[in-house]
Visitor: 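Mind looking over this structure? Questions follow.
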2 protein chains.
Amino acid sequence: MATLADVARRAGVSPATASRVINGSSKPVADELRERVLRAVADLRYVPNAHAQLLARPQRSVVGVVVHDVSDPYFAEVTRGLQRVATERGRLLIICNSYRDPVRELEYVELLRGQQVAAIVLAGSGYHDAAFTTLLNEKLAAYEATGGRVAVIGRHDHFGDAVMPANATGGELIGRELLRLGHRRVGVVAGPRVLTTITDRLTGLRRALAEQGVELPDQRIRYADFDRDGGARATAELLDTSPAPTAIVALNDSMAVGALALLRARGVRVPEDVSVLGFDDMPIAADVTPTLTTVRLPLVEMGVRAMALALDPTSGSPRVETLPAELVRRDSTGPAPA
Amino acid sequence: MATLADVARRAGVSPATASRVINGSSKPVADELRERVLRAVADLRYVPNAHAQLLARPQRSVVGVVVHDVSDPYFAEVTRGLQRVATERGRLLIICNSYRDPVRELEYVELLRGQQVAAIVLAGSGYHDAAFTTLLNEKLAAYEATGGRVAVIGRHDHFGDAVMPANATGGELIGRELLRLGHRRVGVVAGPRVLTTITDRLTGLRRALAEQGVELPDQRIRYADFDRDGGARATAELLDTSPAPTAIVALNDSMAVGALALLRARGVRVPEDVSVLGFDDMPIAADVTPTLTTVRLPLVEMGVRAMALALDPTSGSPRVETLPAELVRRDSTGPAPA
DNA sequence: CGCTCCCAGGAAAGCGCTTGCCTGGCGCGA
DNA sequence: TCGCGCCAGGCAAGCGCTTTCCTGGGAGCG
């Protein structure tokens, strides 16, 4: 690897001059020397060692993002928003997947801290685990104490800046819609029990139903993996309870798609026999059959806001932005069968 | 930010000793000192400055990935494969989105080079642009000259290690299937013209059709954005040609989904009136209605192989692995209408 | 009791870069 | 002609860490 010294030698100047030319320093340099340095850079295919640069001039221009799983459409959308803002502001993004493993999440935070990133964005639900939360908060606090910025998306973990989707409200929207359609036996396909997002959505749903005296007994809630297959499996279990629910609420769209697939396989008509609702309004929701009634979350916008929070110098106390949820009615829901 | 020196001071030892304790160096250190250092680390919440470490002991443990767009399911799957292997081997992954912009791609390669990453993986089609290709190759060559490893997925750009999906073969599979079903008027929803992947798939398709004397005139090929909406738009155009095609081949599944949506909106029955085929076999392909006939590419496997290539010390000449394509018959295709 | 050997721990160099400070040479004015 | 000021360019320190090399002291042996 060519170093600055190599360039300087080849151009017949001092490293200081070479550095100034390369960085476009304000200090003037004679055209001829500049020319020579530039040529040397090109000849040697010199690329500055970012580590050395960052050591000498600690300026943080990289932003780290820790995500549950970018392959998940939910995070794909959020990440798109994060990227957009980061790019606009000339920041490089480092994306890390924790795969919903709190330990790995912690490790990544540590790692990003070591990389001296300008900001850390944590995207994705928090966990019901006090010990973990404490640990995470300590690490984040230590990082912020050194001037790093932290923003979280969709988790209560952290006391600092946050962007929160209205999960509970979304749950309520679903509950009201269900009541409006006359459903009183509701089955829930929930995601992993440990995620706070699940609890929030469930709480909202339960609250809305309770207003009309409809209960949500435990055996009608099935916890499953947050993906298509998990949704299918949980739905199968719900169908086998008796009396079977007339509506199935999946707490994200991937699981809802799984539910739809299973119902089709079993010859159950949607929405005539059973209504199905999702959550998130992922792009696929409009392309499955029947199209999926769901709660829209402004995913890209969440990413945009979070990155803005992370990049803008903090103006005052922790800022929490709550983004609205909105019911999107499509063809997978209908009146409860008589 | 606490530094090693701070830790050493607090523990009453030299930085050298502190460093040895922290890195678990083989050099023995008295238990008491070790103890003191560890406590100081904890008290100070010390995290080593990765840049300084990397400067002092240039060891490359990070792998950089430049991808067209992680939000695209195709790349989401590939990335999953990359991640898996990287994680197994204890490597951190830095994911960068070029958003199909060759210039940004170049910038990211440069940037990763500066970050002294152990390897760079380029995922995604190359471009029909000789100048760009030359530039890219130069940069990659310079990087490899310094001991970096490069692997590419699905592009002919580079002369080094590569994982190639059988794009042309996939095109042929589609062509043969079409002929088998009696289609002779075939419309193609192609992606961006500049991508080599598109050309490859098209070439295979054309070759297969030509074997039975079926032509693919230019006006039956529509270039569009590589996403759902692009697919819908291109399909609309194809429908308006006359005579309209009896089969529509979308060169990726996202566009195929768009095609399906548009056909439904126009009241065209699939597959009775028009057959639709996709490419890639993304997860959604089995969940749309009708389920999508497509060509399966082993996306995750491609990521796995590429990361293996990138991480394993090169054994001999450039290794190119071609992964097979496979036709997946589903409900969106049927015999050509009479 | 004195010597050597060995080992724990510290001093210091150096990784590649930036930048404050200094120097030497030039141009200008008196 | 001499002296001053100014500015381009170089010197060197220092960013935080690792690691080689060295030192001093204790243990073991004669």
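Throughout, a chain's letter reflects where its sequence line sits, starting with A, and its residues are numbered from 1.
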Visitor: Select one nucleotide: of D:dG14, D:dT18, D:dG16, the one nearest the side-chain heavy atoms of A:A56.
Guide: D:dG14
Visitor: Quick one: on DNA chain D, does B:P48 or B:R20 contact a more 5' nucleotide (nearest heavy atom)?
Guide: B:P48
Visitor: Can you tell me the distance, in whole Å, between the CG atom of B:N49 and the P atom of D:dG14?
Guide: 18 Å
Visitor: How many whole angstroms separate atom CG of A:L44 from atom C1' of C:dC17?
Guide: 16 Å
Visitor: Between B:Y46 (OH) and D:dG16 (C1'), how many Å, whole number?
Guide: 7 Å
Visitor: Ion pair present between B:R305 and B:E301, side-chain N to carboxylate O less than 4.0 angstrom?
Guide: yes
Visitor: Looking only at non-hydrogen atoms, find the nearest pair between B:A11 and B:R36 and report the distance.
Guide: O-NE, 2.8 Å
Visitor: Listing time: all N or O pairs from protein to nucleotides 23-28 of chain D that are below 3.5 Å?
Guide:
none

Visitor: Mind calculating the distance between CD (A:Q116) and C1' (D:dG16) to the nearest angstrom?
Guide: 9 Å
Visitor: Would you indicate which nucleotide in D:dC11, C:dG16, C:dA8 comes nearest to any side-chain atom of A:A16?
Guide: D:dC11
Visitor: I'd like to check A:R113 versus B:R45 (side-chain heavy atoms, cut-off strictly below 4.5 Å). Are they in contact?
Guide: yes
Visitor: Between P on C:dG16 and CZ on B:R113, what's the gap in Å once rounded to a whole number?
Guide: 15 Å
Visitor: Looking at every strand, decide which applies to A:L33 at a 4.0 Å heavy-atom threshold: base, sugar-phosphate, or nothing.
Guide: sugar-phosphate
Visitor: If I take atom CD1 in residue B:I22 and atom P in nucleotide D:dT19, what distance separates them, rounded to the nearest angstrom?
Guide: 13 Å
Visitor: Assuming nearest nucleotide by heavy-atom distance, tell me which of A:K27 and A:S19 is located more 5' along DNA chain C.
Guide: A:S19
Visitor: Would you mind checking if B:R100 and B:D69 are paired as a salt bridge, meaning a charged N to carboxylate O distance below 4.0 Å?
Guide: no
Visitor: Within the pair A:Q53 and C:dT18, is there a side-chain N or O less than 4.0 Å away from OP1 or OP2?
Guide: yes
Visitor: Quantified as the angle between the terminal helix axes (five pairs each), what is the overall bend of the helix from C:dC1-D:dG30 to C:dA30-D:dT1 to 10 degrees?
Guide: 60°
Visitor: Think B:S14 has a side-chain N or O under 4.0 angstrom from the OP1 or OP2 of C:dG9?
Guide: no
Visitor: Between B:H51 (NE2) and D:dC17 (P), how many Å, whole number?
Guide: 12 Å
Visitor: Counting only side-chain heavy atoms from C-beta out, which of C:dG10, D:dG9, D:dC17 sits nearest to B:L4?
Guide: D:dC17
Visitor: Would you check if there is a donor-acceptor pair between the side chains of A:N23 and A:S19 at a distance under 3.5 Å?
Guide: yes
Visitor: Do you know which two heavy atoms are closest between A:V150 and A:D161, and how far apart they sit?
Guide: O-CB, 3.9 Å
Visitor: When you measure from the side-chain N and O atoms of A:N23 to the phosphate of C:dT18, is any distance below 4.0 Å, counting only OP1 and OP2?
Guide: yes
Visitor: Please determine whether a side-chain nitrogen or oxygen atom of B:T3 lies at a distance below 4.0 Å from atom OP1 or OP2 of D:dG16.
Guide: no
Visitor: Which of these passes ring pair (Phe, Tyr, Trp, His ring centres under 6.0 Å) with A:H68: A:Y108, A:Y99, A:Y127?
Guide: A:Y127
Visitor: What is the distance, rounded to the nearest whole Å, between atom CZ of A:R36 and atom P of D:dA8?
Guide: 16 Å
Visitor: Is it the case that the side chains of B:D129 and B:T133 hold a donor-acceptor pair, with the cut-off being a distance below 3.5 Å and no angle test?
Guide: no
Visitor: Tell me if the side-chain of B:R57 makes a donor-acceptor pair with the base of C:dG14, cut-off 3.5 Å, by modelled atom types.
Guide: no
Visitor: Under the side chain to side chain contact (heavy atoms under 4.5 Å, CB included) criterion, do B:L195 and B:F226 qualify, and how do the steps go?
Guide: CA-CA 10 Å; B:L195 300 182; B:F226 228 164; 3.7 Å; yes
Visitor: Among residues at least two apart in sequence or on other chains, which ones pass side-chain contact (heavy atoms from CB on, under 4.5 Å) with A:R89?
Guide: A:V85, A:R91, A:A308, A:L311, A:D312
